[in-house]
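Every chain is numbered from 1 and lettered A, B, ... according to where its sequence line falls, protein lines coming before strand lines.
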Amino acid sequence: MTPEQLSERIVHVLNGLVEDGSLALPGGVPATVVVERPKNREHGDYATNIALQLGKKAGMPPRDLAGLLAERLTAVEGIASVDVAGPGFLNVRVAAGAQGVVAAEIVEAGSSYGSSDTLAGTKVNVEFISANPTGPIHLGHTRWAVVGDAIARVLAAAGAEVTREFYINDRGSQMDKFGASVEALALGKPVPEDGYHGDYVAELAERVVAENPGILDLPEDERLVAFREAGYAIQLADQREQLDAFNTCFDVWYSERRLHDEGRVKHGLEVLQGQGHLFEADGALWMRTTDFGDDKDRVLVRSNGEYTYFASDTAYYVEKRERGFDVCIYLLGADHHGYVGRLKAMAACAGDDPDRNIEVLIGQLVKIMRGGEEVRLSKRAGTIVTLQELVEMIGVDALRYTLARYPSDSPLTLDVEQITRQSSENPVFYVQYAHARLASILRNAADLGITLAEGEEFDPSMLSHEREGELLRALAEFPRVVATAARLREPHRVARYLEDTASAFHKFYDNCRVLPQGDEETTDLHRARLLLVAATRTVVANGLDLLGVSAPERM
RNA sequence: GCGCUCGUAGCUCAACGGAUAGAGCAUUUGACUACGGAUCAAAAGGUUGGGGGUUCGAAUCCCUCCGAGCGCGCCA
């Protein structure tokens, strides 16, 4: 029995109590009841606080209401016992047979187990990383590469139509500084003080010269542009290549220049104009974002006629909405948190609902330690740890998993030496090892000729061992974990869940022999456990996939 | 000065407003003639920064103080 199924049964019982007058609920019976898997085993297979929630409304002490519910619930099929505990918790024990069928359901659902349709019909745009094409992807972007991608995956699993989008900041003075830096190095001159100083710039200069014969002979003004554009093309291609190798792929790479060249900015401002929150002052065009809680109004067009960066952002948002996205999610670093208020206000100024159509997720920065000292992550300073270097140090899976298992609003400190030297201590190996072990059992079963033919009889009540029950409950939890991760935009919940499930499996494995030994007969218990193993493998594989981490058959 | 985020075991971090605040690492002690020991079993480690409040119940919500990070431009 899954938590959802138990919730349905409790709602049914509540309705029954209301109908026969045993219970008065002025607010009506809730559509769902929160059922949780208690940490403490003594609190049953499942627990619910529904009596505590409804006690006041029903005008009766929670414990009395709990008692009333317990009496009716005990009679429900599949429920072995119900106890009232503490202030009014209901602790439910499920019959072994009702628990075991979950394994068969999971195996049948296969790769779709965990998915739902809770967000069906919703078009979501997830924009993340959005770097200048002036340098390599580095650790500062890496967290968003993982978390943004994982958010997109869990949203898709919840039924949403998801687009991953990368906004290329290819316009503005940073590009010129970048071009000038590449050019200077190609000419053997020092890089400007406010230019780009990383080693990669020198490599870039060599490559640009090699790939563009005659570039050094161009007139000065043309030469700068040529270096800028050639460097841009190489850097962008490099970013894509690194991200591809990191298993993070974007559906749309959107150029800020294109936004301007296609007249989108002008159009965006016209749309805003129609909403009546723009005004002119001091020769500039402003958006009255203070109408919606921003702490000051924002300039869109400067008095010299140029668009601000905020104008681009506004137009880009309007453009996304016109492409049909219901929800636009932005992942920004903590250094951009000051931007949240104005983005929300901007959406409101565009006539949208800032609580639904736009979401800005702020993440704390990743700090990286090396030799007991912090390595500053600055492209400008040139002391960067690139994505490529990180992948070489710890591998795609370990890096992705490590960054995915923490909520992004928690600051993160990684020790390079520790990860490099002791990578086997990373929890990713714990989970992947569980998968490899599961795969190994299934291989061995196949070698023994034990198969799980479709429709073959299997007795769910065979799975009555304590460890089997715990594993089954963990597996039944998966769809809810995925739905929660999608709703809260917190994919780390999937990683934590996988660790929990892997632990339940390892404990099961330690206590319950799955396959027959020697010339032992294959029994119903063997087959039931093998089905449980197959179900566990499915869940672990599906979960790892949501994080973009591989599920190895062997390690 | 104003604003946002954060403060949990020695370290890195968890915990839909739920029951005795949990993992990993590090420390200590056990278990391999069995399907993969990258595992399992156990010990130890805490006034959740301090103080108030809300309620059946607070690490979580509100107020306040302390501490840390970041942001406050007709820059991008």
Side-chain angles (χ1 to χ4, degrees), chain A residues 34 36 38-40 42-43 47-49 51-53 55-56 61-63 85-89 91 132 169 171-175 177 256 281-286 295-296 298-310 312-313 333-341 362-365 367 369 402 405-407 409-415 418 422-434 436-445 447-448 480 484 487-488 490 492-493 495-496 499-500 502-503 505-507 509-518 526 529-530 533 554-555:
Chain A
V34 176
E36 61 177 14
K39 278 172 281 189
N40 189 335
E42 290 168 16
H43 297 149
T48 177
N49 61 359
L52 291 161
Q53 303 281 359
K56 189 169 283 182
R63 274 197 72 100
F89 289 103
N91 294 336
N132 294 321
N169 293 140
R171 198 170 166 278
S173 61
Q174 288 303 318
M175 291 301 292
K177 286 174 185 168
E256 185 185 354
D282 305 327
L285 181 67
W286 298 68
D295 48 4
K296 62 180 71 169
R298 306 292 172 178
V299 173
L300 292 167
V301 183
R302 289 189 266 161
S303 52
N304 66 6
E306 287 184 22
Y307 291 116
T308 60
Y309 188 79
F310 186 58
S312 300
D313 271 352
D335 53 341
H336 285 81
H337 70 254
Y339 226 66
V340 179
I362 290 301
Q364 298 294 322
L365 300 177
K367 190 197 285 187
M369 306 297 287
T402 301
R405 71 187 292 268
Y406 303 103
D409 63 355
S410 123
L412 189 55
T413 302
L414 296 181
D415 188 316
Q418 189 175 359
Q422 303 176 310
S423 61
S424 68
E425 290 161 5
N426 192 307
V428 68
F429 290 96
Y430 184 78
V431 176
Q432 286 188 315
Y433 178 65
R437 236 183 187 181
L438 287 155
S440 171
I441 297 170
L442 292 169
R443 276 195 305 271
N444 293 343
D447 289 346
L448 292 172
R480 207 159 58 154
T484 303
R487 177 169 52 85
L488 301 176
E490 290 185 346
H492 77 275
R493 288 172 186 278
R496 299 291 171 162
E499 290 163 31
D500 185 46
S503 170
F505 163 67
H506 285 309
K507 286 172 186 169
Y509 177 91
D510 213 51
N511 285 276
C512 304
R513 172 81 200 187
V514 178
L515 300 175
Q517 308 181 64
H526 292 132
R529 284 180 173 169
L530 189 59
V533 164
R554 291 185 170 83
M555 289 174 71

| request: Whenever both distances are under 3.5 Å in a Watson-Crick or G-U wobble pair, mark it; put RNA chain B into dot-bracket that way, with [ ] for crossing pairs and | when the partner is on another strand. | output: (((((((..((((....[...)))).(((((.......))))).....(((((..]....))))))))))))....
| said: If you only use heavy atoms from C-beta on, which nucleotide in A14(B), G36(B), C6(B) is closest to the side chain of Asp409(A)? | reply: C6(B)
| message | Side chain of His337(A), heavy atoms from C-beta onward: which of U39(B), A19(B), G69(B) has the nearest atom to it? | response | G69(B)
| field | Under-3.5 Å donor-acceptor pair between Asn49(A) side chain and G18(B) base | value | yes
| query | Which of the following nucleotides, A34(B), U39(B), A19(B), is nearest to the side chain of Arg513(A)? | reply | A34(B)
| query | Using a cut-off of 4.0 Å on non-hydrogen atoms, how would the nucleic acid contact of Met555(A) be classed: base, sugar-phosphate, or nothing? | reply | base
| Euclidean distance for C1', G67(B) against G24(B) (whole angstrom) | 27 Å
| request: Ignoring the backbone of Lys507(A), work out which of A19(B), C40(B), G36(B) is nearest its side chain. | output: C40(B)
| Between Glu36(A) and Pro38(A), what is the shortest heavy-atom contact and its length? | O-CD, 3.3 Å
Report, one pair per line, the protein and nucleotides 73-76 of chain B atoms (nitrogen or oxygen only) whose separation is under 3.5 Å.
from: C74(B); atom 1: O2; to: Ser303(A); atom 2: N; distance (Å): 2.8
from: C74(B); atom 1: O2; to: Ser303(A); atom 2: OG; distance (Å): 2.8
from: C74(B); atom 1: N3; to: Ser303(A); atom 2: OG; distance (Å): 3.3
from: C74(B); atom 1: N4; to: Asp282(A); atom 2: O; distance (Å): 2.8
from: C75(B); atom 1: OP2; to: Arg302(A); atom 2: NE; distance (Å): 3.4
from: C75(B); atom 1: OP2; to: Arg302(A); atom 2: NH1; distance (Å): 2.5
from: A76(B); atom 1: OP1; to: Arg302(A); atom 2: NH2; distance (Å): 2.7
from: A76(B); atom 1: OP2; to: Tyr309(A); atom 2: N; distance (Å): 3.4
from: A76(B); atom 1: O3'; to: Arg171(A); atom 2: O; distance (Å): 2.9

| Candidate nucleotides C56(B), U39(B), A19(B), ranked by approach to the side chain of Ala85(A) - the nearest | A19(B)
| query | How close or far is atom P of G18(B) from atom NE2 of His43(A), stated in whole angstroms? | reply | 14 Å
| request: For the pair His506(A) and Tyr433(A), name the ring-plane relationship: parallel under 30°, tilted 30 to 60°, perpendicular over 60°. | output: parallel
| remark: Looking only at G36(B), C6(B), A38(B), the nucleotide nearest the Phe429(A) side chain is A38(B)
| query | Can you tell me how far P in A44(B) sits from the matching atom in G1(B), rounded to whole Å? | reply | 47 Å
| note | Looking only at C35(B), C70(B), G37(B), the nucleotide nearest the Leu515(A) side chain is C35(B)
| field | C1'-based separation of U20(B) from U47(B) [nearest Å] | value | 16 Å
